[in-house]
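What follows is a set of notes on a single structure, which appears directly below.
Each chain gets a letter, A, B and so on, in the order its sequence line appears, and its residues count up from 1. The basis for the numbers below is simple: all heavy atoms, side chains too, and nothing from hydrogens, waters or symmetry mates.
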Amino acid sequence: MRPVVRAGLYAALTLAALTFIYPFLWMASSTLKPPFEVGSLALIPHDLTFENYRIMWSRAPFGRALLNSVFVASTITASVLVLGSMTAYAMARLTFPGRRVLNAVTMGVLLVPGQLTLIPLYTLIVQLGWIDTYTALIVPYLFNATAILMLRQFFLQIPQSLIDSARMDGMGELRILFTIFWPLARPALAIVAIFTFMGSWNEVLWPLLVVRDQQLMTLPQLLTVFQLGGGAGTLGVSLAAAMVLVVPVVVAYMFLQRYFIESMAGAGVKG
Amino acid sequence: MMQRPRPERSSMRAEQRSAWSLTAPYAAFLLAFAAYPVFFALALVFMHWDLVTPPSFAGGDNVRLLVTDARFGRAVLNTFVFLAIHLPLQIVTALGLALALNRRLAFRAFWRATFFLPVVISGAVVAILWNALYATDVGLINNLLAKLGGSPIPWLTDPSIAMPAIAVMVTWKNVGFYVIIYLAGLQYIPQSCREAIELDGATAWQRFRHLTLPMLLPQTILVVTLSTINGFQLFIEPYVMTGGGPLRRTYSVVLYMYTNAFSYQKMGYAATIGVALALIIGAVVAAQRRVIGTAEAA
Amino acid sequence: MPSISFEKVNKKFGDVSVVEDFSLHVEDGELLVLVGGSGSGKSTILRMVAGLESVTSGTIRIDDRDITHLAPRDRDVAMVFQDYALYPHLTVRDNLSLGLRLRRMPTAEINRRVAWAADMLRIESLLERKPKQLSGGQRQRVAMGRAMVREPLVFLFDEPLSNLDASLRARMRIEIGGLQRRLNTTTVYVTHDQVEAMTLGDRIVVLANGRIQQIGHPIELYRNPINRFVAGFIGTPPMNFVEGNLHRENDRVFFVSEGLRVQLPAERLPGSVPSKAMTLGIRPEDVTLADGKPTSGGAGAARLSGRVLLVERLGGTSHIHFDVGPHRLMAAVSGEDPPAVGDTVGIEVPSERVHLFAADGNALARAE
Ligand SMILES: Nc1ncnc2c1ncn2[C@@H]1O[C@H](COP(=O)(O)OP(=O)(O)OP(=O)(O)O)[C@@H](O)[C@H]1O
Ligand SMILES: [Mg+2]
C-alpha cells in the first residue's frame with residue numbers, strides 16, 4: 001500500500017471506530033452530568049454528579065432487576081449447557097430408535113420464525129398460570145436448538161475409542177459426558193455459554209409479555225418500562241439506568257471479545 | 001443342533017435406554033414449546049379468544065380482518081420502507097469495513113472488536129441511547145450538526161425521516177456482525193485467484209467487481225436473508241423510541257402483534273398476524289434469493 | 001485361570017453379517033493373534049469380547065462364566081486401542097489410575113500398581129505429563145500401562161502398533177511379546193501385519209470375510225496353509241501363484257502351464273484329483289537361482305528358465321522379479337551379487353516345497 005492510501009485507511013478506520021465507541025462514551029459521561037449539560041459533546045463533565053444514579057436507583061428496583069437478570073440468564077445458561085450437552089451427546093454418540101427424527105426436528109426448529117410461536121407460547125404460559133413467575137422467563141429457554149446442534153457437531157469429532165475406553169474403565173454415559181467430553185469440549189461450551197447468556201441477558205420482548213410485576217422484571221424490561229413510563233424524567237437518568245445493563249457486558253466483552261465475536265457471530269449464522 | 005439367535009440384551013439395549021433417558025427431557029420440551037405452539041398458532045387463526053372467556057370459533061373472521069386491516073398493511077409497508085434503506089446500507093457498510101479490515105493492519109483485533117461492540121449490547125439500550133442521540137434539542141447528532149453550521153433535524157418526529165433514522169440505527173447496531181461474515185468469506189478467496197487477476201492487469205476496482213464481489217455472493221445472500229428476517233422482527237426500537245409514530249410511520253408488524261395480544265387481548269388475531277408474518281418472511285426471502293440468483297447468472 | 005471360548009458366535013450389523021460361526025478356544029496364558037484383511041471382522045470380534053459390541057448369537061465365555069451379555073465394566077478385560085485412547089486432559093498418572101479409582105480401589109493399592117506398571121514400562125519420568133507431551137512410542141506404553149494396572153483376566157489389543165514407524169514398531173513388538181510372557185495373561189491381539197502375527201503369536205487365527213480360514217501355530221500356517229487365501233496372506237514376500245493344469249504320465253504327475261512344467265510329489269496327492277484349473281504356489285524363498293551356488297534341489301527340483309525384470313536389493317537379500325513364459329514370479333535370494341536386469345537365469349523350484357490349490361482355493365498338496 002502507498003503511504004497516502006495507508007494513512008487514509010487508518011483515518012477512515014478511526015472515524016468508523018469513533019462512530020461505534022463515541023456514543024457509548026458519551027452515554028457514560030452524560031450519566032455523570034447535570035441535566036443542562038447533557039447535550040454537550042464533551043466527554044468530561046463540568047459538574048461531576050451522581051445524582052442521575054441516585055434518582056434512577058430510588059425510582060425503580062434496578063438492583064432487584066439486576067439480580068433477576070443474573071439469576072434468569074445463569075439458570076438458562078446452565079440448563080442449555082447441562083441438559084443440552086446430554087441431549088447432544090445422545091444424538092451424536094448413541095444409537096437409538098428416534099435419533100434421526102430428533103435430529104431432523106431440531107434442524108426444523110431453527111427454521112420456524114419466533115413470531116409464529118410467540119402468541120401461542122404466551123397463551124400457554126397464561127394457561128399454565130405462569131404469568132409473573134421466574135418459570136415463565138426460564139422454562140421456554142431451557143433448551144436451545146442451535147446449542148444442541150453445535151455441541152453435537154463438536155461431540156461427533158471426539159474419537160470413539162475414548163468412549164470405548166471409558167466404558168471399559170466402568171463409566172456410565174453421564175460420567176463419560178461430564179468427565180471425558182466436557183473437558184475436551186471447553187471451547188464449544190464457552191461459545192454456547194456466551195451466546196446463551198447474552199441472548200437471555202438482552203431479551204426484552206418475552207419478559208414484556210409474561211411479567212408485569214416490577215419485582216420480577218429483568219433489566220432490559222425494567223429499563224424499557226422505566227423509559228416509557230416517564231419514570232426517568234431526564235435523559236441523564238434514563239441513560240444511567242441503561243448503564244446498569246451495559247457495564248457488566250462491556251467489562252466481560254473487553255476480556256473475552258474474541259470469544260464473544262466467535263460465539264455471537266456463529267450462533268447468529270446458525271440460528 | 002440349531003441355536004436360535006437370542007434377542008440382544010445387554011449393551012445395545014442399555015445404550016438405547018440411556019439414550020432415551022438422556023433425550024427424554026428434550027423430547028418433552030420440543031412437544032410442549034416447539035410442536036404445540038406451531039400447531040396451536042394455526043388453530044388460533046380460526047379462534048376468537050380474550051384469555052378470559054372460553055375461546056370461540058371464528059371461522060374466517062381473523063383472516064378477513066387481516067387482509068382489510070389498513071394498520072396491518074401500514075406495518076408491512078413500513079417494514080419494506082425500512083428494508084429498502086437498511087439492506088443496501090447494511091451491505092455497503094459491512095462490506096466496506098470488512099474490506100478495510102482484510103488488509104494487513106495494526107490493531108486488527110481492536111478495530112474488529114470496536115465494530116462488534118453494539119452487537120453485544122441489548123436492543124433496549126441501543127434504542128434508549130439513540131433516542132438521546134436523535135433528540136431534537138439536546139441530542140448529540142443535532143449538536144454536532146449545529147457545530148458544523150447545520151440546522152437541527154427532527155429525526156424521530158418527522159414522519160418521513162423517522163423510519164430511515166431507525167434503519168440507520170439498526171444498521172449501526174448490526175454491522176459488526178455482518179463484517180465478521182464478510183471477513184470469513186474474504187478468507188476463502190484463494191491467493192492464487194488474486195494473483196491471477198492481478199497478472200491480468202486488473203485495476204483495484206476491476207478486481208473488486210470481477211473477483212471479490214462474485215466470490216462473496218454466498219455471504220451477501222446470508223447478509224440479505226438475516227437482515228431481512230431481522231427487519232421483520234423490528235419491535236423494541238419503535239416501541240421505545242416512537243411508539244410506532246409519527247403517523248404510524250414506524251409501526252412494525254411485531255409491535256402490532258404485541259399490541260393485539262397484550263393490550264387488546266385478541267389472541268386469535270395476534271396469532272393470525274404471526275402466521276402471516278412467517279409466510280411473508282418466507283416469501284420475501286425466497287424472492288430475494290431468486291432475484292440474487294438470476295442477477296448472478298446474468 | 002482364564003481361558004476364552006467362543007461358541008458359534010455370529011455378528012450382524014443390520015442385515016450384513018460380519019462375523020459368522022466363530023468358534024475358538026483361547027488357552028489360559030496364550031497370546032492368540034487374529035489376522036485378516038481390512039474389514040474381515042477382527043476388530044468386531046475383539047469388541048465383542050470387550051462388550052463394546054453386542055453379540056447377535058452365540059456365546060462367549062471367560063473360563064466358565066458366560067460373559068456374552070455383561071456390560072464392559074463387569075468383564076474384567078482390558079483393551080489397548082489403535083489410537084491409544086488416552087484421555088487428553090488427564091496426566092499419565094491419572095490416565096493409569098482412573099479405571100482403578102472408578103472401581104473404588106484403595107489408594108495405596110492404586111499407587112502400588114501405577115508404580116509397578118510405570119517401572120515395567122519405564123515411564124516413571126513421564127507420570128506427570130499430559131498425553132500431548134509424549135512421543136508415539138511413549139503413548140503406546142502408557143496405553144499398555146493402563147491395561148496392565150487393571151490386572152485383568154484378559155488383554156485385548158487392536159492393532160496397537162499401527163500408528164508407529166517401522167523401527168519403533170519392531171521394538172515395541174518385542175516388548176509386548178516379552179511383557180505378555182512375563183505377565184502370562186491371556187491375550188487376543190489383532191493385527192493386519194502378518195510379520196507381527198508370525199513373531200508374536202502362540203497361535204494365529206486367519207480371518208477372511210468374518211470366517212475363520214485356519215487356526216494354527218505360525219510355522220504350521222506357513223508350511224501348510226489350508227487354502228490359497230492363507231497361503232497368500234502368511235509369509236513375506238507373498239507366495240507366487242501360477243494358474244495351470246495337472247498332467248499325468250504313468251505314475252508321475254506334473255503341473256503344466258505355458259512355459260512351465262513342475263513335477264509334483266505324487267505320493268502326497270489324494271487319489272482322485274481334478275486336473276483342470278489348478279493353482280501352483282511357490283514361496284519366493286524356496287526359489288533358488290541355478291547359476292549361483294550348487295543347487296539344493298537335486299533330483300526333486302524343477303528347472304525353469306526366466307528373464308530378470310527387476311531386482312530389488314535389500315542388502316543381505318534381494319528380490320528378483322522375472323518372467324517365466326507369461327508368468328511373473330519372484331524369488332528372494334541371499335547374497336550380494338544378484339543377476340542383472342535382462343539376464344536369463346536358471347531357476348530351481350524344489351518340488352516337495354510347492355503348494356497346490358484346487359479351483360475352490362483349497363490346498364491339495366502341502367509341503368511337509
Ligand atoms: N458399527 C458398524 N455398523 C455397520 N457396519 C460395521 C460397523 N462396524 C463395523 N462394520 C463392518 O463390519 C465389517 C468388519 O469390521 P471390522 O472393524 O471388524 O474389520 P477389521 O477386520 O477390524 O478391519 P480393519 O483391519 O480395517 O480394522 C466391516 O465390513 C465394517 O464395515
Ligand atoms: Mg479394525
Chain A heavy atoms under 4.5 Å from B/Leu129: which part of the residue, side chain, backbone, both or neither?
-> both
Side chain, backbone, both or neither of B/Tyr239 within contact of chain A (heavy atoms, under 4.5 Å) = both
For B/Val275, is it the side chain, the backbone, both, or neither that has a heavy atom closer than 4.5 Å to a heavy atom of chain A?
-> both
Answer with side chain, backbone, both or neither: which region of B/Ala32 has an atom nearer than 4.5 Å to a non-hydrogen atom of chain A?
-> backbone
Under 4.5 Å heavy-atom distance to chain A, tell me which part of B/Leu30 shows up: side chain, backbone, both or neither.
-> side chain
Do you know which of A/Thr224, A/Leu223, A/Leu239, A/Val244 makes side chain to side chain contact (heavy atoms under 4.5 Å, CB included) with B/Val125?
-> A/Leu223
On a heavy-atom basis, the closest approach of A/Thr106 and B/Tyr26 is OG1-OH, 2.8 Å
Quick one: what part of B/Leu144 sits under 4.5 Å from any heavy atom of chain A, side chain, backbone, both or neither?
-> both
Toward chain A, the part of B/Leu22 with a non-hydrogen atom under 4.5 Å = both
Part of B/Phe235 within contact of chain A (heavy atom distance under 4.5 Å) = side chain
Under 3.5 Å, is there a donor-acceptor pair between the side chain of B/Trp172 and the main chain of A/Thr19?
-> yes
Measure from the side-chain N and O atoms of B/Glu15 to the backbone N and O of A/Thr95, and report whether any donor-acceptor pair falls under 3.5 Å.
-> yes
Minimum heavy-atom distance B/Ser18-A/Leu94, with the two atoms named | C-CD1, 4.5 Å
Toward chain A, the part of B/Val175 with a non-hydrogen atom under 4.5 Å = side chain
Answer whether the closest heavy-atom distance between the side chains of A/Thr117 and B/Phe33 falls below 4.5 Å.
-> no
Work out which heavy atom in A/Phe24 is nearest to a heavy atom in B/Leu117; give both atom names and the distance.
-> CD1-CD2, 3.6 Å
Bottom line for B/Tyr36: the part with an atom under 4.5 Å from chain A's heavy atoms is side chain
Checking B/Trp20 side chain against A/Pro97 main chain: does a donor-acceptor pair fall under 3.5 Å?
-> yes
Side chain, backbone, both or neither: which part of B/Ile181 has an atom under 4.5 Å from a heavy atom of chain A?
-> side chain
Please lay out, stage by stage, how B/Val120 and A/Ile261 fare under the test side-chain contact (heavy atoms from CB on, under 4.5 Å).
-> CA-CA 9 Å; B/Val120 306; A/Ile261 293 174; over 6 Å; no
Hey, is the main chain of B/Gly123 close enough, under 3.5 Å, to the side chain of A/Asn202 for a donor-acceptor pair?
-> no
Is there a donor-acceptor contact under 3.5 Å from the side chain of A/Tyr253 to the main chain of B/Ala113?
-> yes
Side chain, backbone, both or neither of B/Asn260 within contact of chain A (heavy atoms, under 4.5 Å) | neither
